[in-house]
Amino acid sequence: MSKRVMLVANSASMIDHFNRDNINILQNMGYEVTVAANFKDGNSSTREKIADFEKELEAKGIDMIHLPIPRKVTQLFKMFKSVKMIKNYLKENPCVLIHTQTPFGGVAGRLATKSFRKAGDTKVIYFVHGFHFFKGASFKNYLIYYNIEKHLSKYTDCLITLNQEDFKTASKKFKKTQVEYVPGVGVDTTAINMTTVDKKTKCKELKIPHNKKIILTMAELIPRKNVEGAINAFAACENDDTILLICGKGKEQRKLKDLVKELDLKDKVYFAGYRTDIIEICRMSDIFLFTSRQEGLPVAVMQAMAAGLPVIASDIRGNRDLLAPDKDSKSKDYLVDVDDTEEFTKKLNYLLKKEKEREKLGEINVANCRKYFDIELVHDRMTEIYQTMLGKDE
């Protein structure tokens, strides 16, 4: 029997950010691994970072398939081409497991695997990083994405969700599919909490003032991340001794820089671009602000929590899982309606004045992150799921 597993995603950065540990788990189980993704377009990290990732995969003996998977529904021809490429590869290189993720990666991977799965040669996992039909989503999203997911659930052996809302939805709607909950991709809480940084040196590297409080936000600069909301909330807060540091890249960067200029904040809002030292930046910051409109279970928030930061975040799926893991968590008081800029500003002003409250919230976040979202918990769950799908004695 084949000892090969394929990981499929929209982009190589998705594999890089969220599947390194899964690759290691599978290789340690004795499986060869193939990665199928778009290595050229649609990546949230830099081209240099993707090139380094390719070299790393090659050094590990991992096959790579460069798929033209699109990020837009209007580019379906790229989807069909991706499906054909996966099928052709599987004919020559049988895989016992296909681990798919992301909307388009999930579609391509499951459509390509239909005949192989029917023959009983291949199992299929779909890891949902956040359904596009969720509480508060548009009717259009429900009409399109729910029906697609409903249809493709027939070709899915195990559907993994990373937040409770999606878990409940999948369990109710897709009853013929095995549904599992995994607490995101996890973070190494011990390593993060032990990370030290010299603020003055790091600020000099980032070209930002070192004698100011730092409000940090990190996200891809795209509409659904709503970084504009963070800028507007910061603009209205008492920010004389405070700066806003934005980490991330994306198509809205020019628009956001224009907004900063319009609000006369160019000496108070700094764009750091894509960063590989985000834990160090978290460790020297004072508050984490996250105004996203749609999430699955955001790693950025987990990293901030593990670094001991108080977090003010939009009251949406995913963020609720992180800041309100139990009913008594004080962190849940800092969940804010995504469109309530005034309340975001109010929370910022309060925490900027209350150092002890910041410290207390940071301690609560570290404890919750360690208890519910540590990387070891995720490793154990993913190993268990892989063993169930592949057979413990494989």
Side-chain angles (χ1 to χ4, degrees), residues 13 16-18 20 44-46 48-49 52 184-222 225-227 229-231 233-234 237 239 241-250 252-253 256-257 260 265-292 295 298-313 319 322-323 331 334 348 351-352 355 358-359 361-363 365-366 369-370 373 375:
S13 58
D16 183 12
H17 296 327
F18 303 124
R20 286 173 171 272
S44 60
S45 51
T46 63
E48 292 76 15
K49 185 72 167 61
D52 289 341
V185 297
V187 289
D188 189 336
T189 57
T190 300
I192 291 175
N193 203 243
M194 290 177 63
T195 300
T196 59
V197 61
D198 181 87
K199 181 176 179 179
K200 188 173 182 179
T201 301
K202 179 58 68 172
C203 286
K204 184 177 180 181
E205 178 188 328
L206 291 165
K207 298 179 181 178
I208 62 176
H210 70 273
N211 58 347
K212 303 282 188 179
K213 294 188 185 75
I214 299 174
I215 298 171
L216 173 65
T217 190
M218 50 179 165
E220 188 177 0
L221 306 184
I222 56 177
K225 294 294 185 177
N226 190 34
V227 176
I231 294 171
F234 173 77
C237 81
N239 57 38
D241 67 340
T242 308
I243 63 169
L244 175 65
L245 180 62
I246 300 170
C247 294
K249 74 180 190 75
E252 284 212 319
Q253 181 168 308
L256 295 171
K257 286 187 174 182
V260 168
L265 292 171
K266 70 174 186 175
D267 294 326
K268 293 183 177 181
V269 177
Y270 296 84
F271 290 83
Y274 177 80
R275 304 296 305 186
T276 58
D277 55 352
I278 202 66
I279 302 304
E280 291 182 8
I281 294 173
C282 282
R283 293 290 284 167
M284 74 171 191
S285 298
D286 297 277
I287 297 172
F288 188 75
L289 178 62
F290 195 69
T291 53
S292 179
E295 293 295 331
V299 174
V301 176
M302 278 191 273
Q303 290 173 324
M305 290 172 66
L309 284 177
V311 176
I312 304 171
N319 290 348
L322 293 169
L323 295 186
S331 294
Y334 291 86
L348 282 172
L351 287 182
L352 286 170
E355 183 177 356
R358 296 200 302 270
E359 292 175 356
L361 283 171
E363 291 170 359
N365 286 339
V366 170
C369 200
R370 182 174 291 125
F373 308 105
I375 190 68

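No hydrogens, no waters, no symmetry mates; every other heavy atom, side chains included, goes into these values.
- Atom CD1 of Ile281 is separated from atom OG1 of Thr195 by 12.0 Å, given to the nearest 0.5 angstrom.
- The backbone N or O of Phe234 sits less than 3.5 Å from a side-chain atom of Asn239, completing a donor-acceptor pair.
- Taken from CE in Met194 to CG in Asp188, the straight-line distance is 9.5 Å, to the nearest 0.5 Å.
- The closest side-chain heavy-atom distance from Lys199 to Lys202 is not below 4.5 Å.
- Residues Ile208 and Ile214 meet the side-chain proximity criterion, which asks for heavy atoms closer than 4.5 Å.
- Val197 and Met284 get closest at one heavy-atom pair: CG1-CB, 3.9 Å.
- Expressed to the nearest 0.5 Å, how far OH of Tyr334 lies from CG of Leu361 amounts to 5.0 Å.
- Contact between Lys249 and Ser44 at its shortest, heavy atoms only, is CE-O, 3.5 Å.
- Here the shortest heavy-atom pairing between Cys282 and Leu216 reads SG-CD2, 3.8 Å.
- When all heavy atoms are compared, the tightest approach of Cys247 to Arg275 is SG-CG, 3.9 Å.
- The distance from atom CG of Asp267 to atom CD1 of Ile243, rounded to the nearest 0.5 Å, is 11.0 Å.
- Checking side-chain atoms of Ser45 against main-chain N and O of Ser13 turns up no donor-acceptor pair under 3.5 Å.
- Lys49 forms no cation-pi arrangement with Tyr274, by the criterion of a distance under 6.0 Å to the ring centre and an angle within 45° of the ring axis.
- Residues Val187 and Met305 have side chains not in contact (no heavy-atom distance under 4.5 Å, counting atoms from C-beta outward).
- Listed here is the closest heavy atom pair of Ser331 and Asn365: OG-OD1, 2.6 Å.
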Pair Val260-Leu244, side chain to side chain contact (heavy atoms under 4.5 Å, CB included): steps then yes or no: CA-CA 11 Å; Val260 168; Leu244 175 65; over 6 Å; no

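- Of the options Leu256, Asn226, Thr291, Leu289, a side chain to side chain contact (heavy atoms under 4.5 Å, CB included) to Ile231 is made by Leu256 and by none of the others.
- Shown here is Lys266, whose NZ atom has no more than 12 heavy atoms of other residues, nucleotides or ligands within 6.0 Å.
- With values rounded to the nearest 0.5 angstrom, Leu322 atom CG is found 9.0 Å from Phe290 atom CZ.
- Taking 4.5 Å as the limit, every side-chain heavy atom of Cys203 sits out of range of all side-chain heavy atoms of Lys212.
- Taking 4.5 Å as the limit, every side-chain heavy atom of Val301 sits out of range of all side-chain heavy atoms of Glu295.
- Distance check, rounded to the nearest 0.5 Å: SG of Cys237 to CG of Leu351 gives 11.0 Å.
- Considering every non-hydrogen atom in both Ala307 and Arg283, the closest pair reads O-NH1, 3.0 Å.
- Between Gln303 and Ile278 there is a side-chain heavy-atom pair separated by less than 4.5 Å.
- With hydrogens and angles ignored, the 3.5 Å screen pairs no side-chain donor or acceptor of Arg358 with any backbone N or O of Leu309.
- Here Asp198 does not pair with Lys200 in a salt bridge; the nearest charged N to carboxylate O distance is not below 4.0 Å.
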